[in-house]
Amino acid sequence: MKHIGRTKIVQILTLTDFGIEVNVKGWVRTKRGNKQVLFIALNDGSCIHNLQIVVEPDKFDEHLLKRITTGASVSFNGTLNKSNGSGQAVEILASEIEILGDCDVDKYPLQPKRHSLEFLREIAHLRYRTNTFGAIARIRHAMVFAVHQFFTQKGFVNIHTPIITSSDCEGAGEMFHVTTLDFNNLPLTEDGTINYNEDFFGKQTNLTVSGQLEGELAAMAMGDIYTFGPTFRAENSNTSRHLAEFWMIEPEMAFADLNDNMDLAEEFLKFLIKQALIGCEDDLLFLSNRLKEEEKDKKEEERSMELIEKLKFVHSNDFVRLTYTEAIAILKDSKYNKNGKFKYNITGFGNDLQSEHERFLVEKHFKKPVILTDYPKGIKSFYMKLNDDNETVRAMDVLFPQIGEIIGGSQREENYDKLVARMNEMGIPSHDMQWYLDTRRFGTAIHSGFGLGFERLMLFITGMSNIRDVIPFPRTPKNAAF
RNA sequence: UCCUUAGUAGCUCAGUUGGUUAGAGCGGCGGACUGUUAAUCCGUAGGUCGUAGGUUCAAGUCCUACCUGAGGAGCCA
């Protein structure tokens, strides 16, 4: 086969200098045709679109053409032609064909037909080869890039916080233990408990559930920082919006209060949405059509807003900001509450908000994203700044339609004595956390930050409904395949 | 973890009050067709009905347990 440098399909589709010789490599999606002409739809992952390869069967060995099956990887040399068909502008008339990797159609699970997302989840190692998961992968990359772009433009410093941590009081759920001890021969202390002095780090260690505490340390020197790393929660959560391993973005700003925090969160989310709209048009359009197809049997009122329209709407409208106390008042006075439509009735201050309440506020009452602030101290973490009322803390949750809590954050308690008092109140061992308390001991300053669940952002951007479909290899209870 | 629901061909599903030999569409394979777009048309192969027990003359269908998926709840990002 004559050597011609490979051109990616995304590039080929923009070319207009017909007649030139090109080489393309990719995976076959479909093959159809007759004795006179064959059409091959080729995809190389560079974009959602396939390239049409035209093959004149009499010019090639019959056995070679037989090996061009769905899933096979193939290299084509050929001329760039203006397409006669209506589905595409350009196509390649093949002059040379090389099969790079055969694909046994009897064993290859992907067929040239629609597959359910549940089935594709079982073959997650191959699902990138579908339009849907290819689109999601490209959008995910665009969003990763946009996160770094946003913070870089604003002068934030990226901090790599530890993945293995010895603190067990980050207040964010069950942790995975990290150890090199032999489970069949555990070293014990005199009183029969496990002797962690003999473990790798000489103490009990876990996978991180949040980079926030270390992020605060960095912010108290660098000013504005952000983390973007893997996060692990050993909760037995089986829902469409929880993962045991997920990616979280946690900015932390010195000299910033809760209003600055809310401003940053809103600006950040809108920037990400804008970048998706600008850079991922084709993929979003594909996902939008996929969603429409999926919902076509639903009743009008049950259908979700068209994907791109939804992104534009959130981008161009201010988020509603209100306090927990105001939210409770709205919920308490709502017809829903009075007619007993909530499973959990709202009676007044102190009620924890359930999913149904958050959803009511976002999807029914305001019909746009809502930032709830100033929750009762009893239902929030120890490090959140206590308000003067001594009852509420400067917490904020950003609530999105369908997804619920996409961001959780707060202004931090910067006063040493108040922080220690809160830790004692909530049973957090402050003597193990002197490193954290030192920031309040030496040159303390007000500061604020939040955590954005990256996969929850991906749910919103892609319109997918299960979080297991927006991360390549989902880790959930009883599932760590691939 | 709890509640609800489902598991039948490679995939998506139908299968009536328990009753003879378990069906369809798509996909595969074979054939037809001079430009197709998830091509079309004709033909064809393909099944331990999630697993293990139980009830019954008889179980895909009823009962029990377990496994797995989905939706919802809690926890949260």
Side-chain angles (χ1 to χ4, degrees), chain A residues 29-41 49-58 66 69-71 81 83-88 91 93 103-123 130-131 170-174 209-212 228-250 265 293 343-344 352-359 379-381 397-400 403-409 450-460 465-471 476-479 481:
Chain A
R29 287 290 174 82
T30 60
K31 181 176 76 170
R32 57 181 172 269
N34 50 49
K35 274 179 186 155
Q36 281 68 38
V37 61
L38 282 181
F39 301 97
I40 294 153
H49 305 292
N50 299 328
L51 177 64
Q52 174 155 289
I53 313 288
V54 182
V55 176
E56 293 161 341
D58 53 343
K66 275 222 153 131
T69 58
T70 297
N81 282 345
S83 180
N84 294 332
S86 56
Q88 59 284 315
E91 62 190 23
L93 179 63
C103 187
D104 185 345
V105 288
D106 287 335
K107 292 178 184 145
Y108 187 55
L110 290 174
Q111 300 163 357
K113 70 185 284 277
R114 261 186 86 89
H115 286 298
S116 67
L117 295 172
E118 290 83 4
F119 173 67
L120 293 171
R121 229 169 272 154
E122 290 168 17
I123 51 164
T130 63
N131 286 332
E170 292 173 10
E174 294 295 312
V209 293
S210 165
Q212 182 201 316
F228 189 171
T231 309
F232 308 88
R233 306 263 166 102
E235 297 287 350
N236 193 2
S237 292
N238 292 290
T239 81
S240 56
R241 55 187 189 285
H242 285 90
L243 291 163
E245 176 184 288
F246 64 100
W247 290 72
M248 187 153 66
I249 298 136
E250 296 178 284
E293 182 71 17
K343 199 174 162 202
Y344 294 89
D352 205 351
L353 296 181
Q354 309 289 324
S355 291
E356 57 175 349
H357 305 130
E358 294 179 352
R359 215 177 265 169
I379 57 175
K380 287 292 178 184
S381 303
D397 283 359
V398 181
L399 308 177
F400 262 37
I403 291 146
E405 189 179 342
I406 195 167
I407 279 179
F450 61 79
L452 168 73
F454 186 61
E455 283 75 20
R456 290 197 181 168
L457 170 84
M458 283 297 297
L459 282 180
F460 181 74
S465 50
N466 193 313
I467 203 161
R468 298 166 192 208
D469 294 332
V470 295
I471 189 168
T476 52
K478 302 271 185 290
N479 180 12

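To find a chain, count down the sequence lines: A is the first, B the second, and so on, and within it residues start at 1.
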In whole Å, measure the gap between the [atom1] atoms of [N] and [M] for me.
| N | M | atom1 | result |
| --- | --- | --- | --- |
| rU8(B) | rG50(B) | C1' | 10 Å |
| rG25(B) | rA9(B) | P | 16 Å |
| rC29(B) | rG19(B) | C1' | 36 Å |
| rU16(B) | rG23(B) | P | 14 Å |
| rC26(B) | rA22(B) | P | 23 Å |

Residue matched to [N] through Watson-Crick or wobble contacts both under 3.5 angstrom:
| N | result |
| --- | --- |
| rG69(B) | rU5(B) |
| rA32(B) | rU40(B) |
| rC13(B) | rG23(B) |
| rG74(B) | none |

Record whether the side chain of [X] comes under 3.5 Å of the base of [N] through a donor-acceptor pair of N or O atoms.
| X | N | result |
| --- | --- | --- |
| N50(A) | rU37(B) | no |
| H242(A) | rC76(B) | yes |
| Q88(A) | rU36(B) | yes |
| E356(A) | rG72(B) | no |
| S237(A) | rC76(B) | no |

**Message:** Please determine whether side chain to side chain contact (heavy atoms under 4.5 Å, CB included) holds for the pair H357(A) and D352(A), giving the CA-CA distance in whole Å, both sets of side-chain angles, and the decisive distance to 0.1 Å.
**Reply:** CA-CA 9 Å; H357(A) 305 130; D352(A) 205 351; over 6 Å; no
Taking only side-chain nitrogens and oxygens of [X], does any of them come within less than 4.0 Å of OP1 or OP2 of [N]?
| X | N | result |
| --- | --- | --- |
| T239(A) | rG71(B) | no |
| T30(A) | rA39(B) | yes |
| R32(A) | rA39(B) | yes |
| S116(A) | rU12(B) | yes |
| Q36(A) | rG35(B) | no |
| K66(A) | rG30(B) | yes |
| R241(A) | rA73(B) | yes |
| S355(A) | rG74(B) | yes |
| K113(A) | rU12(B) | no |
| N236(A) | rU1(B) | yes |

**Request:** Give the intermediate values and the outcome of side chain to side chain contact (heavy atoms under 4.5 Å, CB included) for residues V209(A) and E235(A).
**Result:** CA-CA 11 Å; V209(A) 293; E235(A) 297 287 350; over 6 Å; no
[X] to [Y] - nearest heavy-atom pair and separation:
| X | Y | answer |
| --- | --- | --- |
| I403(A) | R456(A) | CD1-O, 3.7 Å |
| G71(A) | C103(A) | C-CB, 3.5 Å |
| N34(A) | P57(A) | O-CG, 3.8 Å |
| N238(A) | N236(A) | ND2-OD1, 3.3 Å |

**Prompt:** Within the stacking criterion (centroid distance below 5.5 Å, interplanar angle below 30°), does F246(A) stack on rA77(B)?
**Reply:** yes
**Request:** Step by step, work out the side chain to side chain contact (heavy atoms under 4.5 Å, CB included) result for I471(A) and W247(A).
**Result:** CA-CA 9 Å; I471(A) 189 168; W247(A) 290 72; 4.3 Å; yes
**Message:** Using the side chain to side chain donor-acceptor pair (under 3.5 Å) definition, which of the options N131(A), T130(A), T70(A) pairs with R29(A)?
**Reply:** N131(A)
**Request:** Side-chain contact test, heavy atoms from C-beta onward, threshold under 4.5 Å: evaluate it for M458(A) versus F454(A) and give yes or no.
**Result:** yes
Of the listed nucleotides ([options]), which one gets closest to any side-chain atom of [X]?
| X | options | answer |
| --- | --- | --- |
| V105(A) | rU36(B), rG28(B), rA77(B) | rG28(B) |
| E405(A) | rA77(B), rG35(B), rU12(B) | rA77(B) |
| D106(A) | rG27(B), rA77(B), rG28(B) | rG28(B) |
| N466(A) | rG71(B), rU68(B), rG74(B) | rG71(B) |
| E118(A) | rA70(B), rG35(B), rU34(B) | rA70(B) |
| S240(A) | rG74(B), rC11(B), rG71(B) | rG71(B) |
| R359(A) | rG10(B), rU68(B), rA73(B) | rA73(B) |
| N34(A) | rC33(B), rC75(B), rU36(B) | rC33(B) |

Are there any protein N/O atoms within less than 3.5 Å of an N/O atom in nucleotides 43-46 of chain B, and if so, which ones and at what distance?
none

**Request:** Go through the steps to decide whether L110(A) and L120(A) satisfy the test side chain to side chain contact (heavy atoms under 4.5 Å, CB included), and finish with yes or no.
**Result:** CA-CA 9 Å; L110(A) 290 174; L120(A) 293 171; 3.6 Å; yes
